[in-house]
**Student:** 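Below are the structure tokens for one structure; questions will follow.
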Amino acid sequence: MALRGGFARLLRGQAAPARLQRPRQAHSVALVGAPFSRGQKRRGVDHGPATVRAAGLLERLAGLGCQVYDFGDLNFTQVPNDELYNNLISYPRSVGLASQVLADAVSRAVAAGHSCVTIGGDHSLALGSVSGHARQCPHLGVIWVDAHADINTPLTTQSGNLHGQPLSFLLRELQDKVPQLPGFSWLKPCLSASDIVYIGLRDVDPAEYYILKNYDIHYFSMRDIDRLGIQKVMERTFEQLMRRRQRPIHLSFDIDAFDPSLAPATGTPVLGGLTYREGMYIAEEIHNTGMLSAVDMVEVNPLLGASQEEVNATASLAVDVIATCFGQTREGAHTAFDELPTPSSPDESDSEEQVRI
Ligand SMILES: [Mn+2]
């Protein structure tokens, strides 16, 4: 299904006179569902794409004037006998294969000129989305919004879950510390430490902290947000990523970056997260750069909400972030309105009345 600008035109009502229509660049957005859950052990995160779609994602994007190309949900084949790697790492072949499939899809979408939105699924899928994006945009910068750093290596992880490790595979500097996993031979590291900025961290493992410090990776923890304010944090984020040149941005957004009171339906909630306003500000500022090229929205898990209300709140928060990335503003959607209607003169309405009689 492909929704185009028609919905937006519908909302706008009758077309304004041609001279008043301002030329504007409509976002062309590809939507890829990645119902993948093998990067962790809880059930339900594979229902994330359906849940976020049901919260009205397509309609919201179309209403903003985006051209939406829905690639549907990817099919991930089960890998039989996907045994633990090193007696610890769960489902390496499944994660490797699914990420490979996703990388191809994201690469195709970006090559076709779309901004690509990937709906997860767990965060291990960033292995695929970032790799596929980097195939087309080798100089991309990554903004990783998350409570967790997701940069354990297979040798430092405590849980064995690959959704806590994707960045270790993607970072060039870490490759002598990362073993070759079965199913991962296709994967080539595509990021340098200076290409990443984290926002929202508040649950970082000791080995992860070591990596952040020793490889000089930029991060803004919740404490930094308290200290600086979100406006300074975003300013410094772009200073780090765009200082030398403009570059495509990959936003990898884990819904658990938000406070659990706002986003309860997720696998690893941590107290003290982003407020709604901080989350929207992050997305608004990223939109304002004009450089957003791909978005991941991950870890929405409808089976972990205590009620339907909790699930709905979490999913609509995900939709708000994505819509804001593509132009929704808290100041009103200026794009949907070109001209105020003018009352017709009394003469005209009189004559119309007469015609009807
Ligand atoms: Mn994450």
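Remember, it's 1-based here, ligands and their atoms both numbered in the order they're listed. All values below come from the heavy atoms of this structure, side chains included, with hydrogens, waters and symmetry mates left out. Throughout, numbering of the chain's residues begins at 1 and tracks the sequence.
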**Student:** If we count only N and O atoms by modelled type, under 3.5 Å, do the side chains of Asp224 and Ser221 hold a donor and an acceptor together?
**Tutor:** yes
**Student:** Restricting to side-chain hydrogen bond (donor to acceptor under 3.5 Å, both in side chains), what partner residues turn up for Asp320, sequence neighbours left out?
**Tutor:** Arg60, Tyr276
**Student:** Considering the options Met234, Glu235, Met280, which one meets the side chain to side chain contact (heavy atoms under 4.5 Å, CB included) requirement together with Glu285?
**Tutor:** Met234
**Student:** Using side-chain heavy atoms (C-beta onward) and a distance below 4.5 Å, is Leu127 in contact with Leu162?
**Tutor:** no
**Student:** Could you grab the protein N, O or S atoms closer than 2.8 Å to the Mn ion (ligand 1) for me?
**Tutor:** His123 ND1, Asp146 OD2, Asp150 OD2, Asp254 OD2
**Student:** Quick one about Asp256 and Thr268 (side-chain donor to acceptor, distance below 3.5 Å, no hydrogens or angles considered), yes or no?
**Tutor:** yes
**Student:** Start with the C-alpha distance between His148 and Asp205, add both sets of side-chain angles, then the distance that settles side-chain hydrogen bond (donor to acceptor under 3.5 Å, both in side chains), and finish with yes or no.
**Tutor:** CA-CA 8 Å; His148 313 90; Asp205 295 337; over 6 Å; no
